[in-house]
K.L.:
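To start, I am sharing the structure in question, which I have written as structure tokens.
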Amino acid sequence: MRVVHTSDWQVGKSFRFADDETLAVLQNERLEAIGRIGRLARAQLATRVLVAGDVWDVAIPSDRTLRQPIERMRQFPDLHWHLIPGNHDPNVPGGVWDRLQRIGLPAHVHVHLSPQPVPLGMDEAGPGATGRDAWLLPAALDRRHAFGDPTACMDEAVTPEGSLRIGLAHGSVRAFGSAGTAPNLIAADRASRSGLDYLALGDWHGQVPAGPLSWYSGTRARDGCDGGGAGGGWVLVACPGRLQPRAPQAVGRHLWRRERAMLAGPADIEALEHRLRALGGDDPSRVLVWLTLDGALGTAEHARYEDRIRHGVGSALRALRIDAAGLALTTSPDDLAALGGGSALRAAADRLAHAAAAGGDGHDVAADALARLLALVRQDHTQAGTASGR
Ligand SMILES: [Mn+2]
């Protein structure tokens with residue numbers, strides 16, 4: 001029996017950094033990934049898709065957000081989709097699972113809200129068939145944080161002798177030797193303790209596998225450059241009882257990268273531009289970059305950086321977040337001289353230059369303000385030059 005194991009779609013997730021356009025794209029991507037998972041399952045001759053929790057990002061999504069992933073799954077009636085709640089979408093009164101029961105689900109979309117073993121039928125056809133009776137052992141979270149191991153029930157779950165036992169759960173695997181007080185902690189040896197042939201896990205984005213015969217499905221495609229939900233970015237194709245799952249298969253479109261650069265002159269700006277543009281091949285719109293900058297630039301170079309990186313590359317990528325706290329802006333006497341003497345602007349610039357040079361609290365803000373002031377003046381001169389045809 002081939003299964004596709006996925007988790008943490010977190011449909012409806014909001015991203016604080018994103019503008020409306022980017023947010024719409026990122027939210028839609030989560031739905032598109034469901035279709036890709038369905039097509040992958042068909043291509044791999046898998047009959048079941050196990051979704052290990054956190055299908056929705058929030059406990060109370062809008063009606064449209066609630067229905068959208070169901071509608072995507074509806075388009076694959078030849079596949080059985082098995083869903084359990086996670087900590088983002090717990091099974092609470094009036095929550096997503098209650099609402100789904102009222103709306104009604106397609107017959108091939110199965111929601112598991114209790115730890116009752118579910119018969120999947122005889123595993124006798126298709127690649128990796130074991131000839132055994134297959135059972136699904138779901139672990140359903142009924143609270144956001146269950147202070148117990150949600151998979152403990154699998155020890156006692158009774159299935160016919162010789163059955164293939166497939167666990168489905170959401171939570172963290174307890175590190176060996178840890179105190180074990182965090183919520184939803186799953187025993188690392190649960191699969192062997194409960195006689196499982198495969199334990200499909202969701203929630204943790206840090207490691208595959210999680211233990212013998214226990215796997216997290218999606219860890220590589222992140223929706224933050226420091227980790228975060230897998231967003232349906234990767235899935236595992238497994239034959240429980242037969243083989244270890246194959247290497248994670250990509251179903252996500254976006255590439256999230258953390259980059260760092262030191263800028264000290266035009267060559268650095270050019271190199272950075274090339275580096276960032278190369279990340280997405282011929283489609284930079286699938287790339288999101290968190291960029292940290294260090295170094296120092298003069299005002300002309302800073303204007304070049306703004307033009308080429310922040311505005312140029314920033315318009316090419318899906319998102320470019322820049323932390324430029326480590327990038328100093330240096331001004332030269334020539335910059336100040338260009339302002340002329342005696343004007344209010346010159347007086348402000350002199351004070352800012354003094355504060356920036358003095359060091360201490362706020363010197364970086366003063367330097368930044370000065371560079372911006374000089375950039376504005378430069379821009380004004382350029383526009384005046386253009387307007388008068390010089
Ligand atoms: Mn989770």
K.L.:
Which residues satisfy the side-chain contact (heavy atoms from CB on, under 4.5 Å) test with A325, sequence neighbours excluded?
P.N.:
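If we apply the side-chain contact (heavy atoms from CB on, under 4.5 Å) test to A325, skipping adjacent residues, the hits are D323.
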
K.L.:
In terms of the angle between their ring planes, are Y198 and W215 parallel, tilted or perpendicular, with boundaries placed at 30° and 60°?
P.N.:
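Parallel.
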
K.L.:
Does the side chain of L120 reach to within under 4.5 Å of the side chain of H80, using non-hydrogen atoms?
P.N.:
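No, side chains not in contact.
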
K.L.:
Out of curiosity, H170 NE2 to D203 CG, how far, rounded to the nearest 0.5 Å?
P.N.:
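So the gap between those two atoms works out to 3.5 Å.
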
K.L.:
Does anything in residues 124-135 pair up under salt bridge (charged side-chain N to carboxylate O under 4.0 Å, His left out), and if so which pairs, sequence neighbours excluded?
P.N.:
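Applying salt bridge (charged side-chain N to carboxylate O under 4.0 Å, His left out) to every pair that reaches into residues 124-135, excluding sequence neighbours, yields R132-D197.
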
K.L.:
Pick one: which of R286, R72, R39 meets salt bridge (charged side-chain N to carboxylate O under 4.0 Å, His left out) with E32?
P.N.:
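Of all the options given, the one that passes is R72.
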
K.L.:
Give the minimum heavy-atom separation between I186 and A169, together with the two atoms involved.
P.N.:
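The answer is CD1-CB, 4.2 Å.
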
K.L.:
Which one of I34, V51, L236, L50 satisfies the side-chain contact (heavy atoms from CB on, under 4.5 Å) criterion with T6?
P.N.:
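For T6, the side-chain contact (heavy atoms from CB on, under 4.5 Å) test succeeds with only one of I34, V51, L236, L50, which is V51.
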
K.L.:
Whether the T292 and R260 side chains hold a donor-acceptor pair (N or O, under 3.5 Å, no angle test) is what I'd like checked.
P.N.:
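On atom types as modelled, these side chains do not qualify, holding no pair under 3.5 Å.
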
K.L.:
For R346, enumerate each residue passing the side-chain contact (heavy atoms from CB on, under 4.5 Å) test, keeping only those at least two apart in sequence or located in another chain.
P.N.:
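For R346, the residues satisfying side-chain contact (heavy atoms from CB on, under 4.5 Å) (neighbours in sequence not counted) are L336, L339, S343, D350.
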
K.L.:
Please name the pair of heavy atoms, one in I309 and one in I269, separated by the smallest distance, quoted to 0.1 Å.
P.N.:
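For I309 versus I269, the nearest heavy atoms are CD1-O, 3.8 Å.
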
K.L.:
With sequence neighbours left out, write down each residue that passes side-chain hydrogen bond (donor to acceptor under 3.5 Å, both in side chains) with H82, or none if nothing qualifies.
P.N.:
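Partners of H82 under the side-chain hydrogen bond (donor to acceptor under 3.5 Å, both in side chains) test: R48, H112.
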
K.L.:
side-chain contact (heavy atoms from CB on, under 4.5 Å) with A41: which residues, sequence neighbours excluded?
P.N.:
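Listed in chain order: V4, A46, V49, L79.
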
K.L.:
Going by the rule side-chain contact (heavy atoms from CB on, under 4.5 Å), which residues pair with E71 if we only count those two or more places apart in sequence or in a different chain?
P.N.:
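Per chain and number, E71 pairs via side-chain contact (heavy atoms from CB on, under 4.5 Å) with R74.
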
K.L.:
Are V365 and L373 connected, step by step, through hydrophobic side chains (Ile, Leu, Val, Met, Phe, Trp, Tyr) whose heavy atoms are closer than 4.5 Å?
P.N.:
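Each belongs to a different hydrophobic cluster.
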
K.L.:
Where do L23 and S14 come nearest, in terms of heavy atoms and distance?
P.N.:
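Looks like CD1-CA, 3.9 Å.
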
K.L.:
Do S7 and S217 have side-chain N/O donor and acceptor atoms under 3.5 Å apart?
P.N.:
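Side chains of S7 and S217: pair found under 3.5 Å.
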
K.L.:
Under 3.5 Å, is there a donor-acceptor pair between the R190 and T151 side chains?
P.N.:
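Yes.
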
K.L.:
Using a distance-only test with no angle check, is there a side-chain donor-acceptor pair under 3.5 angstrom linking D189 and S192?
P.N.:
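No donor-acceptor contact under 3.5 Å links the two side chains.
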
K.L.:
For the ring pair W9 and W56, is the centre-to-centre distance below 6.0 Å?
P.N.:
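No; W56 has its ring centre 6.0 Å or more from that of W9.
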
K.L.:
Are any of the side-chain nitrogens in D57 or R30 under 4.0 Å away from the carboxylate oxygens of its partner?
P.N.:
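Result for this pair is no, no salt bridge flagged.
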
K.L.:
L40 vs R36, test: side chain to side chain contact (heavy atoms under 4.5 Å, CB included). Steps then yes/no.
P.N.:
CA-CA 6 Å; L40 175 82; R36 287 184 216 123; over 6 Å; no

K.L.:
Is it true that the side chains of D283 and S285 contain a donor and an acceptor less than 3.5 Å apart?
P.N.:
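Indeed, the side chains of D283 and S285 share at least one donor-acceptor pair under 3.5 Å.
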
